Amino acid sequence: MRVSSQGVTVVALLADPDAPTEIAQRMARMLPDRLADRSGPGRRFDVEVVSEPFTAGTEDLSTLTRRIMDRARAESWDIIVALTDLPLHSHGRKLVVDLSHEHGLALLSLPSLGGFRLQTRARQAVEEAVLSLTGPQATGPEGPAEGRQLRGPFTRRLAPIHPGQVGEAEIADLRYVVTGPRGYLRVLLGMVRANRPWRLVPGLSKALAAALATGAVATVNSTVWNLTTYLSTPRLVIAMVGSVALMIGWLIVDANLWHRTDEASPEARKRAALYNASTVLTLGIGVVVCYAGLMLINLVWALFILNDRVFASTTRTSLDAAEYWTLSWFVASVATVGGALGSGLESDEAIRAAAYSKREQERRSMLQDDHGD
């Protein structure tokens, strides 16, 4: 077991900025006690959090591992666990965690833990990694000793996580990856979670202003009133789906969010498909949240501004709860289209900042620069 001269094992959590740092800071409060309890009596741990963009400019595992090693050499840490919200790949598989027992380091890719209970899963993964790294140093000819194999979330029967292939020239000696359709879905949801789609609406201020203005005008428009009295539920659904799809498509095209690859390998195409699926899902969740908010605002505005006698004289229909609901629903679709047009006033950087995490923004900017060259 790695122990410093003071009898305390110093564990460093090297985290990318934004979400990984927040996750590391929250788990650092409870990790020392939990690790001490699981390690047995007389063992103590000290956990430090360091926020640095250690993945800047690369997704290559060897490069990242060397960066982590160089960072650890400059400090008096016994164990270093690096956390990133970038999806990493190894031999065609999505990486969950890499460990090097010789160097006392681990690299954890948070998207591979999925989109739900991320804080708990990340804490469990870090605990298992640290306990494995502080275990016996003996290594057999077939790889790490049995005591080093990770447990907890890595060995549950239904989890799509399995030991992965490690090359002879690689620094890591133990690797876990996700496999199969469930693993793909797990990474996809993790990528969407890392992008924080709920931040899309406040991040696009011009689009939101255009949508609110369009909704306010449409709510008091007599032509819209007449239309809503004849719209059936299927047509309202079609209008909703169409407006949401238009908004998503417009954002992707206008800000050039669609990921293209120049590589012809199946692995590169699968990776591009994963990035594009995360983009569509991220924007989809954000736009649906926007749609629901517009619907609620339009309903409140209609309750405040509309006069039932004026509405009835224009449409020959009484203004009851059903009409309020139908009007608000249809106006939300119209307002979403207005928001799509308003998003054209946003800069590409503003849209990327609203749609992606910091690491993903940097990755896409780097790819765009490469294509520009």
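It should be emphasised that the depicted structure is a prediction, and the values quoted were computed from it without experimental measurement.
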Worksheet item: Is the side chain of Ser278 donor-acceptor paired with the backbone N or O of Tyr275 at a distance under 3.5 Å, no angle test?
Response: yes
Worksheet entry | Minimal non-hydrogen separation, Gly338 against Ala210, with atom names | O-CB, 3.6 Å
Response to the item:
All heavy atoms of Val8 vs all of Phe45, minimum pair found to be CG1-C, 3.8 Å
Worksheet entry | Note, Arg71 side chain near Trp77 side chain (heavy atom, < 4.5 Å) | yes
Practice prompt. Compare all side-chain heavy atoms of Trp329 with those of Val237 and state whether any distance is below 4.5 angstrom.
Written response: yes
Worksheet item: Once you round to the nearest 0.5 Å, how far does CG of Leu61 lie from CZ of Arg66?
Response: 10.5 Å
Worksheet item: So, Thr134 side chain and Leu131 main chain: donor-acceptor pair closer than 3.5 Å or not?
Response: yes
Practice prompt. Apply the test side-chain contact (heavy atoms from CB on, under 4.5 Å) to residues Ile79 and Thr9: give CA-CA distance (whole Å), side-chain angles for both, the deciding distance (0.1 Å), then the verdict.
Written response: CA-CA 8 Å; Ile79 300 293; Thr9 301; 4.2 Å; yes
Discussion item. Measuring only between side-chain heavy atoms, which start at C-beta, is Leu133 closer than 4.5 Å to Leu99?
Written reply: yes
Worksheet item: Which heavy-atom pair separates Ser243 from Thr336 by the least distance, and what is that distance?
Response: O-CG2, 3.6 Å
Worksheet entry | Test item: Arg175 side-chain N/O and Gly164 main-chain N/O as donor-acceptor pair under 3.5 Å | no
Worksheet item: Do Arg34 and Asp37 sit within salt-bridge range, that is, some charged N less than 4.0 Å from a carboxylate O?
Response: no
Item to complete: Report, as yes or no, whether the 6.0 Å neighbourhood of atom CZ on Arg26 holds more than 12 heavy atoms from other residues, nucleotides or ligands.
Response: yes
Worksheet item: At what distance, to the nearest 0.5 angstrom, does CG of Leu327 lie from CG of Leu299?
Response: 9.0 Å
Worksheet item: Does the pair Ser328 and Asn298 meet the rule for a side-chain hydrogen bond (donor to acceptor under 3.5 Å, both in side chains), with working shown?
Response: CA-CA 5 Å; Ser328 302; Asn298 292 331; over 6 Å; no
Worksheet item: Applying the 4.5 Å side-chain criterion to the ILVMFWY set and letting contacts propagate, would Leu246 and Leu212 be lumped into a single cluster?
Response: no
Worksheet item: Can Glu128 and Arg121 be counted as an ion pair, charged N to O under 4.0 angstrom?
Response: no
Item to complete: Please tell me if the side chains of Thr179 and Val177 come closer than 4.5 Å, counting only heavy atoms from C-beta onward.
Response: yes
Worksheet item: Do Thr21 side-chain atoms and Asp16 backbone N/O form a donor-acceptor pair below 3.5 Å?
Response: yes
Worksheet item: What distance separates Leu319 CG from Thr314 OG1, expressed to the nearest 0.5 Å?
Response: 11.0 Å
Discussion item. For a quick test of reading the model, state the closest non-hydrogen atom pair linking Ile68 to Leu105 and the distance between them.
Written reply: CG2-CB, 4.3 Å
Practice prompt. Could you check if a side-chain atom of Lys94 sits within less than 4.5 angstrom of a side-chain atom of Leu88, using non-hydrogen atoms only?
Written response: no
Discussion item. Checking the side chain of Arg193 only, and the main-chain atoms of Leu189 only, is there a donor and an acceptor separated by less than 3.5 Å?
Written reply: no
Practice prompt. Looking only at non-hydrogen atoms, find the nearest pair between Pro111 and Asp85 and report the distance.
Written response: CG-O, 3.2 Å
Discussion item. Any side-chain to backbone donor/acceptor pair from Gln119 onto Ile23? Under 3.5 Å, distance only.
Written reply: yes
Discussion item. Closer than 3.5 angstrom, by distance alone: can the side chain of Asn221 be matched with the main-chain N or O of Val217 as a donor-acceptor pair?
Written reply: no
Discussion item. Is there a side-chain contact between Lys270 and Leu274 in this structure, where contact means two heavy atoms from C-beta onward sitting under 4.5 Å apart?
Written reply: no
Discussion item. I'd like to check Val96 versus Leu113 (side-chain heavy atoms, cut-off strictly below 4.5 Å). Are they in contact?
Written reply: yes
Worksheet item: Are Trp198 and Val280 in one and the same hydrophobic cluster, where Ile, Leu, Val, Met, Phe, Trp and Tyr link if side-chain heavy atoms are under 4.5 Å apart?
Response: no
Worksheet entry | Audit row: Leu283, Leu257, side-chain contact (heavy atoms from CB on, under 4.5 Å) steps and yes/no | CA-CA 10 Å; Leu283 294 178; Leu257 301 182; 3.9 Å; yes
Item to complete: State, with a plain yes or no, whether a side-chain heavy atom of Leu64 is found less than 4.5 Å away from one of Thr55.
Response: yes
Discussion item. Taking atom CH2 as the centre, does Trp225 end up with more than 12 heavy-atom neighbours from other residues, nucleotides or ligands that are less than 6.0 angstrom away?
Written reply: yes
Worksheet item: Quick one: do Trp258 and Val244 end up in the same hydrophobic cluster if we chain Ile, Leu, Val, Met, Phe, Trp and Tyr together by side-chain heavy atoms under 4.5 Å apart?
Response: yes
Worksheet item: Counting distance only, does the side-chain N/O of Thr326 pair as donor-acceptor with the main-chain N or O of Ala322 below 3.5 Å?
Response: yes
Item to complete: Could you tell me whether the side chain of Ser109 and the main chain of Leu86 form a donor-acceptor pair under 3.5 Å?
Response: yes
Discussion item. To the nearest 0.5 Å, what is the distance between OG on Ser232 and CD1 on Ile238?
Written reply: 7.5 Å
Worksheet item: How many angstroms lie between CZ in Arg29 and CZ in Arg123, if you round to the nearest 0.5 Å?
Response: 13.0 Å
Practice prompt. For the pair Tyr291 and Ser333, evaluate side-chain hydrogen bond (donor to acceptor under 3.5 Å, both in side chains) and give the outcome as yes or no after the intermediate values.
Written response: CA-CA 7 Å; Tyr291 190 97; Ser333 300; 2.6 Å; yes
Worksheet item: Are Tyr230 and Phe311 linked, directly or through other ILVMFWY residues, by side chains that come within less than 4.5 angstrom of each other?
Response: no
Practice prompt. Walk me through it: do Met27 and Val126 pass the test side-chain contact (heavy atoms from CB on, under 4.5 Å)?
Written response: CA-CA 9 Å; Met27 74 169 66; Val126 170; 3.7 Å; yes
Worksheet item: Is the closest basic N to carboxylate O distance between Arg67 and Glu52 below 4.0 Å?
Response: no
Worksheet item: In terms of hydrophobic clustering (I, L, V, M, F, W, Y; side-chain heavy atoms under 4.5 Å; direct or indirect links), are Trp301 and Leu303 co-clustered?
Response: yes
Worksheet item: Do side-chain atoms of Asn226 reach the backbone of Ser222 as a donor and acceptor pair under 3.5 angstrom?
Response: yes
Discussion item. On a heavy-atom basis, which atom in Glu323 and which in Ser318 lie closest, and how many Å separate them?
Written reply: CG-O, 3.4 Å
Fill in: Residues Leu174, His101; criterion side-chain contact (heavy atoms from CB on, under 4.5 Å); working and verdict
CA-CA 8 Å; Leu174 182 61; His101 293 81; 4.0 Å; yes
Worksheet item: What is the distance from atom CE of Met191 to atom CG of Leu110, rounded to the nearest 0.5 Å?
Response: 12.5 Å
